[in-house]
*Asks:* 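This structure is in structure tokens; I'll ask about it shortly.
Computed from heavy atoms alone, side chains included, the values below leave out hydrogens, waters and symmetry copies. By convention here, the first residue in the shown sequence is residue 1. Predicted model, so just to flag it, every value in this text is computed and none were measured.
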Amino acid sequence: MKAAGRSVAARLRDRITASDPGLLRLAAGSRTAGAIALTLAVLGVLRAPAPHLVAGAIAAMVATFAIREKQRGRQAVTLAMGLPVALASVSLGALLSARVVAGDVFFIVLIFCAVYSRRFGDRGTALGLIGFQVYFLSLFVGATVSTLPGLYGVIVLAFACSAFVRFVVVYETPAGILQRLREAFRVRVAQLVSAQLELLDADPDDVDKALEEVREGTARLHETAMMIQGRLDDGTSDEAVAQVLQRRIADAEIAAERLGLLLLNARSAQRADTLTLHLPGAHVPSGGHLPVRDEAIDTLRRELLTLRLLMLRPVGQRGGTGVAHLRNRLLGYRDEENLPSASRAVQDVFRGVGEAARAVLGLRVALEGAQDESDDTPATTRSREELDAEDAAIEGAQESERETQQEPRGLRRPTTRAAVQVSVGSALAIVGGEFLSSHRWYWAVLTCWIVFMNTSSTGEVLVKGYRRLVGTVLGVVAGIVLAGLVGQHTWTALALVLLFVFAMFYTAPLSYTLMSFFVTAALGLLYALLHTYSLSVLVLRVEETALGAACGIIAAAMVLPVGTDRHTNDLLATVLERLAEVTDAAVDQLSGGPGAAGLLNQARDLDEALGDLREATQPLTHPITPLRARRNTAQYVVAVLETCAYHARSLAATAELLATHPSITADPRLRRACDRITDNIAAISAHVADQHATDKVETGPSIASLLEPDTAGTPRYGRITDRVLRHLQRLDEAVVGLARPLGVPVAARKP
């Protein structure tokens, strides 16, 4: 019974770890709710009045969530600098409370400065947030000159409680966060293998649903890999350790994604395109017939379960002889003689299982260090030698210098443009808000401010404003019910406010609508505590929110507008540039050219640029968009680019193995094969920059036929003539596939 209990606890822990990589959302919610709870507890002991309780809760929340830096020392400095900013802001709010025009003008100037300060990085963003939100606090609690001494004490206490919770209670270090992210990556790989196993077993009627689960699992795994990439420099002891871990994470991600494609091929009557794994709604080719239930398929199912078991084994846990036997068996599938008698597609899956097992071994060596090798088979020993050689090559490599792009100046600078837009929108919101309510006009300004945060185009502002309005309406309904039930019970209401604050920060990265719901529900309770609650107040909240969103949209559309098309085209050009760079560098090295350090860093730069593009296309792919054809085109283009990024990432990873693997040799003919790909990318980029460009995308014989490799009697995996050619061929097809939706003419290449 006790063993079973531990098993249930382990499964629950893995679920939490995978759903919240690094426990970042849990930490953010706990840190903010904890700071508010401690502030309220101290104020309760001091018998502070309700307005001070509300002010303390808001100040503690702002002092906590505004700090976004990763290093603890920088967090402390920013928090210390934020206190005088907060005191100055609340002072000006109280002094200008009786001077309507002067107060409104100053508020607009403050908003401009707060947004413009984002150009100075995380610290500038934090100080701007603190200044704006604390000024809002002064309006919310009706601060006056006579109440300033009490508010000073409340704000100082709130900052002190925030610091205590951040640096003592919810203690986080960059190394600890990175360790939890690695655990999340391990669990998400295991979850992806489970989804792939479901894909293997799914009936024809359920195969598309199973494929969608594989897509989601692949996307979640990639998300975690990117999160680890962003924490490597701060969370590791030195650059060499960071590079080795980056390599092992990339290996595991590529191996897991490749395994999904190979399984898809085993289920299909014809070879599946990589795009099938990235395009939402794409069906399994030829209806996804069930593989013949023979001994090989039964063995494959068992080996997938074994692979999942190896991934789920916690880091540092020694498995003994039994686990070593399982690992050795999977690594054996890297050798042709160990493959079962089956179709070529099924044998490919076994090879993929062997490669995935090698990636798991490499990840464990990177995380755990030296291991017991007494039970190793020759296949395992060879894998370890390969990993050791790769590690030595990585440690000896020099980091490549990255080019820095010159940032636009003047009104073209994103922070300047956003500051002007928010200021104009806020001015409209102040005027309109005064007509709705002379006492609570600031809600419209707050909404206008929020819809501009982390947005870059008019379409993003529109979608964010819509989501905030929906969440606010639902939150008003909840606030009406809760205020009526617990509005007269101060500490019960405050406990619910804490719960909503935690939920707000826990759900913020997942759903902006949910976050808005919890904010509005909490505000309903705060109004009840201030004895200003009424149904008309909450209805006014909806009206002010709608007005603020409308003002934000008008400002985004009329003042220095950045249309969604223009913004996505700029990001698309960046993605294409990154794609050409990493492909050209990888193929140059695989062709025998000088080795380029930092290939995986270039691949991750491509992934980051693609992530920005994916986020920017949300207004085009949102369910409410009426332009269905445009929505489908945007989804297709992003899916094709994800396919390109996968193959480019795989080429970069293979190129970095060239110096350490005798089975991989440079082939000068690859340079000629890559020229067509880079030329086609350049043609597409030209059309993205100028619709009247005359460049054409050229097609021709397959890359494999151009090179005519002699692969007789050679292993299919581990050689340029097999794996690299396949990636280049798929990349060539994907780049050509971008031409049609982007309106680029296609012509056959002249012999």
*Asks:* Tell me yes or no: between the side chains of Arg329 and Thr306, is some donor less than 3.5 Å from an acceptor?
*Replies:* yes
*Asks:* Stepwise, does the salt bridge (Lys or Arg N to Asp or Glu O under 4.0 Å) test hold for Glu608 with Arg614?
*Replies:* CA-CA 10 Å; Glu608 290 176 1; Arg614 188 186 304 109; over 6 Å; no
*Asks:* Is there a side-chain contact between Asp695 and Val744, using heavy atoms and a 4.5 Å cut-off?
*Replies:*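 Not in contact.
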*Asks:* Can you list the steps and then say if Asp234 with Arg231 is a salt bridge (Lys or Arg N to Asp or Glu O under 4.0 Å)?
*Replies:* CA-CA 6 Å; Asp234 296 319; Arg231 299 276 180 171; over 6 Å; no
*Asks:* What do the steps show when you test Glu198 against Lys209 for salt bridge (Lys or Arg N to Asp or Glu O under 4.0 Å), and what is the final call?
*Replies:* CA-CA 10 Å; Glu198 292 293 329; Lys209 180 180 178 181; over 6 Å; no
*Asks:* Could you tell me the separation between the CD1 atom of Ile677 and the CG atom of Leu728, rounded to the nearest 0.5 Å?
*Replies:*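 Answer rounded to 0.5 Å: 5.0 Å.
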*Asks:* Under the rule for side chain to side chain contact (heavy atoms under 4.5 Å, CB included), what residues qualify as partners of Ala573, not counting sequence neighbours?
*Replies:* Val688
*Asks:* Does the pair Glu212 and Arg215 meet the rule for a salt bridge (Lys or Arg N to Asp or Glu O under 4.0 Å), with working shown?
*Replies:* CA-CA 5 Å; Glu212 189 59 36; Arg215 287 193 192 106; 2.7 Å; yes
*Asks:* Under a 4.0 Å threshold between the charged nitrogen and the carboxylate oxygen, would Glu355 count as salt-bridged to Arg258?
*Replies:* no
*Asks:* Before accepting this row, confirm whether a basic side-chain N of the pair Arg351/Asp348 lies closer than 4.0 Å to the acidic partner's carboxylate O.
*Replies:*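 Between Asp348 and Arg351 there is a salt bridge, with a charged N closer than 4.0 Å to a carboxylate O.
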*Asks:* Would Glu642 and Leu279 count as a side-chain contact (heavy atoms from CB on, under 4.5 Å) if you check the C-alpha gap in whole Å, the side-chain angles of each, and the deciding distance to 0.1 Å?
*Replies:* CA-CA 9 Å; Glu642 287 178 344; Leu279 182 61; over 6 Å; no
*Asks:* Closest heavy-atom contact between Glu253 and Ala225?
*Replies:*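 For Glu253 versus Ala225, the nearest heavy atoms are OE1-CB, 3.4 Å.
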*Asks:* Which heavy atom of Leu326 sits nearest to which heavy atom of Leu309, and what is that distance?
*Replies:*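 Looking at all heavy atoms of both residues, the shortest contact is CD1-CD2, 3.9 Å.
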*Asks:* I'd like to check Leu363 versus Val360 (side-chain heavy atoms, cut-off strictly below 4.5 Å). Are they in contact?
*Replies:* no
*Asks:* Ion pair present between Asp605 and Arg578, side-chain N to carboxylate O less than 4.0 angstrom?
*Replies:* no
*Asks:* So how far is it from Asn680 CG to Thr699 OG1, rounded to the nearest 0.5 Å?
*Replies:* 8.5 Å
*Asks:* Mind checking the CG-CD1 spacing from Leu651 to Ile254? Nearest 0.5 Å is all I need.
*Replies:*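 Result: 9.0 Å between the selected atoms.
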*Asks:* So which atom in Val587 and which in Cys674 form the shortest heavy-atom distance, rounded to 0.1 Å?
*Replies:* CG1-CB, 3.4 Å
*Asks:* Nearest 0.5 Å, please: how far is OG1 in Thr583 from CZ in Arg649?
*Replies:*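 The distance works out to 12.0 Å.
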*Asks:* I need the minimum non-hydrogen distance between Ala585 and Gln602, along with the two atoms involved.
*Replies:*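 So the minimum-distance heavy-atom pair works out to CB-OE1, 3.6 Å.
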*Asks:* Is Glu213 salt-bridged to Arg220, going by a charged N under 4.0 Å from an acidic O?
*Replies:* no
*Asks:* In terms of side-chain geometry, is the basic nitrogen of Arg676 or Asp679 positioned less than 4.0 Å from the acidic oxygen of its partner?
*Replies:* no
*Asks:* Counting distance only, does the side-chain N/O of Arg740 pair as donor-acceptor with the main-chain N or O of Val746 below 3.5 Å?
*Replies:* no
*Asks:* Which is it for Leu300 and Val353 under the side-chain contact (heavy atoms from CB on, under 4.5 Å) test, yes or no, and what are the steps along the way?
*Replies:* CA-CA 9 Å; Leu300 178 58; Val353 169; 4.2 Å; yes
*Asks:* Considering non-hydrogen atoms only, spot the tightest contact between Thr643 and Ala734 and give its length.
*Replies:*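 Closest pair (atom of Thr643, atom of Ala734, distance): CG2-CB, 4.2 Å.
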*Asks:* Would you indicate whether the side-chain heavy atoms of Leu178 and Ile228 approach each other to under 4.5 Å?
*Replies:*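 Result yes, sub-4.5 Å side-chain heavy-atom pair found.
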*Asks:* Can you confirm whether the side chains of Arg308 and Ser194 place a donor and an acceptor under 3.5 Å from each other?
*Replies:* yes
*Asks:* Does some side-chain heavy atom of Asp612 sit less than 4.5 Å from a side-chain heavy atom of Val575?
*Replies:*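 Contact flag for Val575/Asp612 side chains = no.
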*Asks:* Which class fits the ring pair Tyr646 and His727: parallel under 30°, tilted 30 to 60°, perpendicular over 60°?
*Replies:*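 Tyr646 and His727: perpendicular rings.
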*Asks:* Taking the side chain as everything from C-beta on, heavy atoms only, tell me whether Arg334 gets closer than 4.5 Å to Phe350.
*Replies:*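 No. Closest side-chain heavy atoms not under 4.5 Å.
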*Asks:* For Pro745, enumerate each residue passing the side chain to side chain contact (heavy atoms under 4.5 Å, CB included) test, keeping only those at least two apart in sequence or located in another chain.
*Replies:*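 Result, side chain to side chain contact (heavy atoms under 4.5 Å, CB included) vs Pro745: His687, Lys696.
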*Asks:* Within the supplied structure, the quantity of interest is the number of heavy atoms (other residues, nucleotides, ligands) at a distance under 6.0 Å from Arg302 CZ; does it exceed 12?
*Replies:* yes
*Asks:* Is it true that Asp251 and Arg248 have a side-chain N and a carboxylate O under 4.0 angstrom from each other?
*Replies:* yes
*Asks:* Go through the side-chain N and O atoms of Asn601 and Gln243 and say whether any donor and acceptor fall under 3.5 Å apart.
*Replies:*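 Short answer, no.
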*Asks:* Is Leu263 close to Val214 at the side-chain level, that is, under 4.5 Å between some pair of heavy atoms?
*Replies:* no
*Asks:* Go through the structure and list residues passing salt bridge (charged side-chain N to carboxylate O under 4.0 Å, His left out) with Asp335, not counting sequence neighbours.
*Replies:*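 Arg382.
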*Asks:* Take Leu731 and Leu579 through the side-chain contact (heavy atoms from CB on, under 4.5 Å) test and state the conclusion after the steps.
*Replies:* CA-CA 10 Å; Leu731 183 57; Leu579 176 62; 4.3 Å; yes
*Asks:* Are Arg358 and Tyr333 in a cation-pi contact, defined as NZ or CZ under 6.0 Å from the six-membered ring centre and within 45° of the axis?
*Replies:*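 So Arg358 doesn't make the cation-pi contact.
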*Asks:* To the nearest 0.5 Å, what is the distance between OG1 (Thr276) and CG (Leu261)?
*Replies:*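 Thr276 OG1 to Leu261 CG: 8.0 Å, rounded to 0.5 Å.
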*Asks:* Is the closest side-chain heavy-atom distance between Val365 and Arg384 below 4.5 Å?
*Replies:* yes
*Asks:* Have Gln179 and Glu183 got a donor and an acceptor in their side chains that come within less than 3.5 Å?
*Replies:*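 No donor-acceptor contact under 3.5 Å links the two side chains.
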*Asks:* Between OG1 of Thr617 and CG of Leu572, what distance do you get to the nearest 0.5 Å?
*Replies:* 10.5 Å
*Asks:* Taking it one step at a time, do His222 and Asp607 satisfy side-chain contact (heavy atoms from CB on, under 4.5 Å)?
*Replies:* CA-CA 9 Å; His222 182 65; Asp607 289 331; 3.4 Å; yes
*Asks:* Indicate whether any N or O donor in one side chain lies under 3.5 Å from an N or O acceptor in the other, for Thr380 and Arg327.
*Replies:* no
*Asks:* Evaluate the side-chain proximity of Arg726 to His647: yes if any heavy-atom separation is below 4.5 Å, no if none is.
*Replies:* no
*Asks:* Hydrogens and angles aside, do His278 and Glu257 bring a side-chain donor and acceptor to less than 3.5 Å of each other?
*Replies:*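 Yes, side-chain donor-acceptor contact under 3.5 Å.
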*Asks:* Which heavy-atom pair separates Ala655 from Leu590 by the least distance, and what is that distance?
*Replies:*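 So the two residues come closest at CA-CD2, 3.7 Å.
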